[in-house]
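Notes for the one structure printed next.
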Amino acid sequence: MAREFQRGHKAKISDLTPGTDLYVGVQIAAPGLTFDISCFGLDAHEQLSDDRYFIFFNQPKSPEESIQLLGAQSGDTESFRVTLDRIPAAIQKLSFTATLDGSGQMSQIGPGYIRIVAGGEEVVRYAFTGSEFTTERAVMLGDFYLKDVWRFAAVGQGFDGGLDALLKNFGGEVAEEEAPPAAAPAAAPGFAPPAQAAAPPAFGAPPAVQAPQPAPSFGAPPAPTPPPAPQQPMHAAPTIAAPLAPQMPQAPQAPSPYGQPHQPQQPHQPQFGQVPGQGAPPAPPFGQQAPAPYGQPAPAPYGQQPPGGMPPGVPQGMPQGVPQGAPATGAGLQAALQPYKEAATGQRWTPQNQQLMRVDLTMGGSGVLARQGSMVMYQGKVDFGYKSAGFVGRAVGNATGQEMQLMRCTGRGQVFLAEEGSHLHPIELQGDAICVSAESVLAFDESLQYEVRRVEGHGIPGGALFTMQFQGTGTVIVKTHGTPVVLPVTPTTFADCNAVVAWSAASQVIVSSQVRLRRNAYPGHSGETVNLQFRGAPGNFIVVQPYEV
């Protein structure tokens, strides 16, 4: 009986079947759409170092024929033969992918699957539907990967850019356009010999004039009827030879949800980490959500209507919770869950909502350090390791109160981080520095440098005499209780030491005490006896949350 896999499930091939001569079938379809289904043979660094192991309609087999493209059969849109014990040692992973040839999105596809058949019996199946995707134009369906032994993983990861994005992700290149040949294209090569051959091999399908043969010996499922005559190939000319222009989806007219382009902020409203008095920051890359200005309501979650009615340009009567341009759907489970779908933007850090952050470890090339226990979900091949601060680091952390219990996240996958419903804010550093209390740090790129910095002065309650300084190029995720406010530093800027979250590293911080000797003669006081005073040149800032730790 076939095992049903979900996204992220993995298993050893030996646990599924003792055979190594396998049939891989892919079924994917949508009205009016055409798909290219391919297999990438990758090296130990998950790169396409040898173009001969890119198996697609124009290159149907690898040099030693350990990977072969068979075409549509047995109800599958495309099928492959994989002989694991013949794959050379340089190939450590086989990634089976589907990309759109032409316009369209993966959200339009119907129910599909990738399956493995051994000895004529289906042993594993990973099913998927278009509801799992949004604007993606390519998707990695499943992987065979070598880790001591060959294993299979159900992936289901999409790419907005299509086939060219997949090629770049795997280190491949798109060749210049070539003119198609003048002659009519020949039929797609099949494994069976020509019709005049005396007897086809056991693996090939029998000619139409013969009775149906037993199931193929390498593991392909038996065809219910005699195979039809050879069909013309899906493509008359190789599309891989032509530069593929990225299909950029149109920006919706609805309010900017997470994962969609955001309207630029007004220059006079500084954003988190933006130097006051300067111009507005450059527009974020396509697909990256720009953070909302502090002190203002955050943008509505993906697919939801913002307060105050429907935005301009949205037809009256459109159901709430459905993005503009999406096909109308009735009530039901899918409609109820639509507002909470994953926002996959193709960027390294993506806010899913105000309290949930998604980091894609396949982007950036370095690991992520996060607070222990902050992972709420992950998908893909992700390793979590303990990040030791060392003896000196532990001693400094205990002495200063700036100790961070961290874990190291590495691999190829996506990790979702959150902690106790705190609001999360990504701060991207470009060689500059920022001071953040260790208690307010959720995660940061491993490429950033960080150290404990002493605040000049004494008498701060709770021992908060130190802070963490982050510097370099990367992103740090800061958590706050509620929506904070950013204030420019002036000679008369004071903040409660229990409410301040972060400040620019160039600011001078001193302790200001409101205690008077005469108060000793009277019982009680205001409770605001010690504050932090900030000084600095124009352009420095502080970040304060509406909450006292």
Side-chain angles (χ1 to χ4, degrees), residues 1-13 15-17 19 21-40 55-57 67-82 84 93-101 104-134 136-145 150-159 162-163 166 215-216 218-225 234 333-334 337 341-342 344 379-381:
M1 181 177 180
R3 292 177 56 179
E4 296 289 341
F5 272 27
Q6 302 295 326
R7 179 190 292 184
H9 283 188
K10 308 172 185 177
K12 296 180 180 178
I13 296 297
D15 292 341
L16 301 174
T17 174
D21 198 359
L22 307 176
Y23 172 97
V24 179
V26 176
Q27 204 283 329
I28 184 171
L33 300 184
T34 304
F35 297 89
D36 292 328
I37 302 174
S38 313
C39 176
F40 290 83
I55 309 303
F56 65 117
F57 62 88
I67 314 167
Q68 302 178 48
L69 184 69
L70 305 179
Q73 58 178 299
S74 302
D76 298 326
T77 308
E78 190 61 87
S79 60
F80 299 82
R81 181 183 185 181
V82 177
L84 294 178
K93 183 176 182 180
L94 305 180
S95 182
F96 293 90
T97 67
T99 59
L100 279 165
D101 183 15
Q105 299 176 352
M106 285 296 176
S107 60
Q108 301 172 250
I109 66 175
Y113 59 79
I114 179 173
R115 62 172 178 165
I116 301 175
V117 178
E121 179 182 356
E122 182 176 320
V123 295
V124 67
R125 174 185 291 236
Y126 162 49
F128 53 86
T129 64
S131 63
E132 301 177 28
F133 309 105
T134 54
E136 295 92 334
R137 292 179 43 78
V139 60
M140 293 192 301
L141 301 174
D143 293 341
F144 287 83
Y145 64 98
W150 281 102
R151 306 165 187 257
F152 175 74
V155 181
Q157 178 181 347
F159 288 83
L163 183 58
L166 275 177
F218 86 102
T225 58
M234 185 181 300
L333 182 59
Q334 294 296 332
L337 298 180
K341 290 183 61 177
E342 174 187 2
Q379 52 192 8
K381 297 189 297 181

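Start at 1 with the first residue, then count along the sequence.
Ser131 and Lys341 get closest at one heavy-atom pair: O-NZ, 2.8 Å. Phe133 and Gly156 make their closest contact through CE2-O, 3.7 Å (heavy atoms, listed as atom of the first residue, atom of the second, distance). The shortest non-hydrogen separation linking Gly25 to Asp76 is CA-OD2, 3.5 Å. Taking all atoms of both residues into account, the shortest heavy-atom contact from Ala138 to Thr99 is CB-CG2, 3.4 Å. Here the closest heavy-atom approach between residue Thr129 and residue Pro111 is recorded as CG2-CA, 4.1 Å. Residue His9 comes nearest to Glu4 through the heavy atom pair ND1-O, 4.4 Å, listed as atom of the first residue, atom of the second, then distance.
Within the 4.5 Å cutoff, side-chain heavy atoms of Met106 are placed close to those of Ile28. Here the side chains of Tyr145 and Lys10 are in contact, with some heavy-atom distance below 4.5 Å. Using a 4.5 Å heavy-atom threshold, the side chains of Thr97 and Phe40 count as touching. With a 4.5 Å cut-off on side-chain heavy atoms, Arg7 and Glu132 count as touching. A 4.5 Å side-chain heavy-atom check between Thr77 and Val26 finds every atom pair outside the cut-off.
The NZ atom of Lys381 lies 4.0 Å from the NZ atom of Lys93; values are rounded to the nearest 0.5 Å. Atom-to-atom distance recorded for Arg115:CZ and Gln27:CD is 9.5 Å, nearest 0.5 angstrom. Atom-to-atom distance recorded for Leu94:CG and Ile55:CD1 is 9.0 Å, nearest 0.5 angstrom. For the atom pair CD (Gln105) and CD (Glu136), the distance works out to 8.5 Å, reported to the nearest 0.5 Å. Annotation: the span from Leu141 atom CG to Phe128 atom CZ amounts to 4.5 Å, rounded to 0.5 Å. In this structure, CZ on Phe57 lies 7.0 Å from CG on Asp101, to the nearest 0.5 angstrom.
Formation of a donor-acceptor pair under 3.5 Å by the Ser107 side chain with backbone atoms of Thr134 is found in this model. The closest donor-acceptor contact from the side chain of Ser79 to the backbone of Ala72 lies at 3.5 Å or more, if one exists at all. One N or O on the side chain of Arg137 and one on the backbone of Gly104 form a donor-acceptor pair closer than 3.5 Å. Formation of a donor-acceptor pair under 3.5 Å by the Thr17 side chain with backbone atoms of Gly19 is found in this model.
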Legend entry - Derivation of the side-chain contact (heavy atoms from CB on, under 4.5 Å) call for Glu78 and Phe35: CA-CA 10 Å; Glu78 190 61 87; Phe35 297 89; over 6 Å; no

Legend entry - Residues Leu22, Ile13; criterion side-chain contact (heavy atoms from CB on, under 4.5 Å); working and verdict: CA-CA 10 Å; Leu22 307 176; Ile13 296 297; 4.1 Å; yes

Inset, instruction - Could you walk me through whether Phe5 and Ile114 pass side-chain contact (heavy atoms from CB on, under 4.5 Å), step by step? - result: CA-CA 10 Å; Phe5 272 27; Ile114 179 173; over 6 Å; no

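Of the residues Phe152, Tyr126, Phe144, the one that meets the ring-ring contact (aromatic ring centres under 6.0 Å, His included) test with Phe96 is Phe144.
In terms of the ring-ring contact (aromatic ring centres under 6.0 Å, His included) criterion, Tyr113 has no residue partners (sequence neighbours excluded).
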